[in-house]
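Notes for the one structure printed next.
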Amino acid sequence: MKNLIGALIIIVLYSSCKSKDQAKLPILGEREPVTKTIDGKTVTDTVYSTIPDFKFVNQYADTITGKSLNGKIYVADFFFTTCPSICPIMHRNMLNVYKEFKNDDNFRIISHSIDPKYDTVPVLKKYADKLGISGNTWWLLNGTKDQTYQIAKNYLVSVQEKNPQGEYIHDGYFILVDKQKHLRGTYDGTDPEQVTKLIADIKILKAEPVMTVAK
Amino acid sequence: MRSLITIIIGLILIALTFSCQSDEQIEFNRYYSAGTAIYQAHCENCHGEKGEGLQSLIPPLTDSTYLKNNRTLLTCYLKNGIKGSLTVHGRGFEGEMPASDLSPIEIAKVLTYVTNSFGNKMGLINLQEVQNSIEKCK
């Protein structure tokens, strides 16, 4: 009898846990258990990989680093202004994300140019103007190729050098990052339905209780 | 008897005009439906599902007056691309459209689709017309 009650309690606890999980987003990327000793007790913690610090320049020629995004939820993607294939679709969809959150100072969109030679600051500014975006919600970033390709690896996006036909290949992914700089989701930026899900997921993240903010 | 012949001739005439019309209609439908697929594969990423364009980066395909006035040029646009400024719906655009690698028959089909969708109604643009236009392209 005692065992039965115990089992019931475990089942109830487990199922209540599960239902809470559904409104939560997983943390993606590498993780490793770290064992520490606190007050003589051994504690095992899971440490998730975070986006390392970086330094880029936006369309206003302002320097943007990891610090600029402290305490902010943000979405990252990769594009270039003369892209004839998927970028127009991606940014047509990203505009919906922009419109939804443009008045939220704790939210940002960052679009890394993978053609930094052509996409200089004035070119990015012109693109932003034509796209109809203003203010600081959506930053278009220029950095060296190495920096950009390195950060892309951290976002799990495969960005490649120009192929022999002189075209760039890149994934049309939108990557959702939380205030602790953990990866929380990847979405196909060319699919309006997935972008709708991204908007819903950002709202879930915004409602998450504030933990220690990564510095 | 005479009136019977008149009636028969009349019926034949009616049948002929109807079958003529539907031949045209059939040709239009063939161009239009093939053009839909070409549009989705080659144009929709930039110009959008409803021909709405993208802000001030890519012009919409909904300016019927513009399309009508540039009927011949449309073929050249698709064949050679566009670089420079143009005005659509009274708004200026100065972007660049890459040349497509579409064949003349594909150009005819996709133009038939575009110029009869999104509120446009220009009728069939057939292969012959596209070939004539190509000769006038610079």
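Values below: every heavy atom of this structure, side chains too, minus hydrogens, waters and symmetry copies. Letters A, B, ... mirror the listed sequences (proteins, then strands); counts begin at 1.
- Minimum interatomic distance between A:Ile204 and A:Lys24 (heavy atoms only, all atoms of both residues): CG2-CA, 4.4 Å.
- Of the listed residues A:Thr190, A:Ile89, A:Leu131, the one with more heavy-atom pairs under 4.5 angstrom with chain B than any other is A:Leu131.
- Ring geometry for A:His112 against A:Tyr155 counts as tilted: the plane angle lies between 30° and 60°, on a 0 to 90° scale.
- Heavy-atom neighbours of chain B within the stretch residues 91-107 of chain A, taken at a separation under 4.5 angstrom, comprise A:Arg92, A:Leu95.
- Of the possible polar contacts, one joining the B:Asn120 side chain to the B:Ser117 backbone as a donor-acceptor pair under 3.5 Å is found.
- Taking the ring axis of A:Trp138 as reference, the NZ or CZ atom of A:Arg108 does not stay both within 45° of it and closer than 6.0 Å to the ring centre.
- Distance check, rounded to the nearest 0.5 Å: CG of A:Leu141 to CD1 of A:Ile109 gives 11.5 Å.
- Note on ring orientation: taking the six-membered ring where Trp is involved, the planes of B:Phe28 and B:Tyr32 are parallel (angle under 30°, cut-offs 30° and 60°).
- Remark: the B:Glu106 side chain and the B:Ser103 side chain contain an N/O donor-acceptor pair separated by less than 3.5 Å.
- For residues 49-66 of chain B, heavy-atom neighbours of chain A at less than 4.5 Å comprise B:Glu52, B:Gly53, B:Leu54, B:Gln55, B:Ser56, B:Leu57, B:Ile58, sorted by residue number.
- Using a 4.0 Å cut-off between a side-chain N of Lys or Arg and a carboxylate O of Asp or Glu, B:Glu129 and B:Arg71 qualify as a salt bridge.
- Here the straight-line distance linking atom CG of A:Asp129 with atom NZ of A:Lys126 works out to 9.5 Å at 0.5 Å rounding.
- In this structure, CG on A:Leu140 lies 9.0 Å from OG on A:Ser113, to the nearest 0.5 angstrom.
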